[in-house]
Amino acid sequence: APSGVSTLEVLNLAKGANASSLSDVDPNQTAESIIGTANFNVDGNATIKINDKDIILSKTDSLSLIAQKIRTAVPELNANYDLGSKRFFMSTKSTGEPAVIAFGNDDNTKKMVDALKLPSSIGVASQGNIEATKTAGDLLGFAAGSKTITIDGKSIELDFDDTLDEVAT
């Protein structure tokens, strides 16, 4: 190799997809209280779908056990419920464009996503960024209207339906 110094500029680091509850999640919830008794079969099981993989839940599964079952059924994901912060966390183990957390469109999965207060879809765009179509309200957990955030002493007013593309400009 030739001697000397080479300089490399890193423009973007690959990122994984991740999501966390947008507000507190009741730690006493079970799969049954989230999905509803009527949605369990005669064996006491119900299915949710993440990344096109089925996760079989039992009525009495706690949030921690639901996270464990997600990790087992979808090995490309990390999933945890933190009792101290009362938040559910999910992240991909890989980075870059294939790093996606995709929830199924079935009723059981929709109820689970709502109860865990997670965004309805999580992905990484080809540049390794959060999808630019997410709204400020979804990402910051406010329901309507506007909020002011301060970064490095500068105030930024965000409307609920502002997308990341709009915030960046």
Side-chain angles (χ1 to χ4, degrees), residues 10-35 45-58 60-143 147 149-152 156 158 160-168:
V10 177
L11 298 176
N12 230 342
L13 295 176
K15 298 178 183 177
N18 60 69
S20 62
S21 303
L22 299 172
S23 59
D24 288 358
V25 176
D26 179 2
N28 298 312
Q29 293 184 93
T30 63
E32 182 178 26
S33 68
I34 293 170
I35 294 173
N45 297 321
T47 303
I48 62 171
K49 190 175 282 276
I50 302 174
N51 286 6
D52 290 324
K53 296 187 177 113
D54 290 339
I55 298 104
I56 309 296
L57 303 177
S58 299
T60 59
D61 287 350
S62 66
L63 296 177
S64 293
L65 190 52
I66 291 169
Q68 179 184 343
K69 287 184 174 185
I70 291 170
R71 290 190 308 268
T72 301
V74 192
E76 66 269 22
L77 296 181
N78 293 310
N80 296 291
Y81 177 70
D82 181 62
L83 186 59
S85 67
K86 295 183 181 177
R87 299 279 203 265
F88 199 90
F89 299 93
M90 294 181 73
S91 62
T92 58
K93 292 179 181 176
S94 65
T95 58
E97 192 169 351
V100 173
I101 303 170
F103 298 111
N105 286 325
D106 60 284
D107 286 341
N108 289 350
T109 304
K110 287 178 184 178
K111 288 178 182 180
M112 183 67 62
V113 168
D114 287 345
L116 298 178
K117 301 176 183 175
L118 296 168
S120 59
S121 66
I122 301 101
V124 176
S126 60
Q127 289 83 23
N129 299 313
I130 298 172
E131 294 176 51
T133 57
K134 292 284 182 212
T135 67
D138 288 338
L139 294 169
L140 299 175
F142 63 95
K147 276 200 187 252
I149 62 170
T150 304
I151 300 173
D152 291 331
I156 303 168
L158 302 172
F160 172 81
D161 57 354
D162 285 348
T163 65
L164 290 178
D165 278 340
E166 293 168 330
V167 171

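Expressed to the nearest 0.5 Å, how far CG of Asn18 lies from CZ of Phe89 amounts to 10.0 Å. Rounded to the nearest 0.5 angstrom, Leu116 CG and Ser20 OG are separated by 11.5 Å. Distance CD1/Ile50 to CE/Met112: 8.0 Å, rounded to 0.5 Å. Taking OG1 from Thr47 and CG from Leu57, the interatomic distance works out to 7.5 Å, rounded to the nearest 0.5 Å.
Applying the side chain to side chain contact (heavy atoms under 4.5 Å, CB included) rule to Asn28 yields the partners Asp26; only residues at least two apart in sequence or on another chain are considered. Considering only residues two or more places apart in sequence or on other chains, Asn80 meets the side chain to side chain contact (heavy atoms under 4.5 Å, CB included) condition with Arg71. By the side chain to side chain donor-acceptor pair (under 3.5 Å) test, Asp82 is found to be paired with Ser85, residues two or more places apart in sequence or in another chain being considered. With sequence neighbours excluded, the residues forming a side chain to side chain contact (heavy atoms under 4.5 Å, CB included) with Lys53 are Val74, Glu76, listed by chain and number. Applying the side chain to side chain contact (heavy atoms under 4.5 Å, CB included) rule to Leu65 yields the partners Asp61, Ser62, Gln68, Lys69; only residues at least two apart in sequence or on another chain are considered.
Residues Lys93 and Pro75 come closest through the heavy atom pair NZ-O, 3.0 Å. The two residues Ala115 and Val25 make their nearest non-hydrogen contact at O-CG1, 3.8 Å. Counting all heavy atoms, side chain and backbone alike, Ala67 lies closest to Tyr81 at CB-N, 4.1 Å. Summarising the geometry of Ala17 relative to Ile101, their closest heavy-atom pair is O-CD1, 3.9 Å, with the distance given to 0.1 Å. For Leu118 against Ser21, the heavy-atom pair with the smallest separation is CD2-N, 3.7 Å. Of all heavy-atom pairs spanning Leu77 and Thr92, the tightest one is CD2-CG2, 3.7 Å.
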>> Is there a side chain to side chain contact (heavy atoms under 4.5 Å, CB included) between Val113 and Ile48? Walk through the geometry before answering.
In response: CA-CA 10 Å; Val113 168; Ile48 62 171; over 6 Å; no
Quiz item: Does the pair Asp24 and Arg87 meet the rule for a side chain to side chain contact (heavy atoms under 4.5 Å, CB included), with working shown?
Solution: CA-CA 6 Å; Asp24 288 358; Arg87 299 279 203 265; 2.6 Å; yes
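Screening residues 99-108 for side-chain hydrogen bond (donor to acceptor under 3.5 Å, both in side chains) gives Asp106-Thr109 as the qualifying pairs, with residues at least two apart or on separate chains.
In this structure, the side chain of Asn51 engages the main chain of Val100 through a donor-acceptor pair within 3.5 Å.
Other residues, nucleotides and ligands contribute over 12 non-hydrogen atoms within 6.0 Å of the NZ atom of Lys111.
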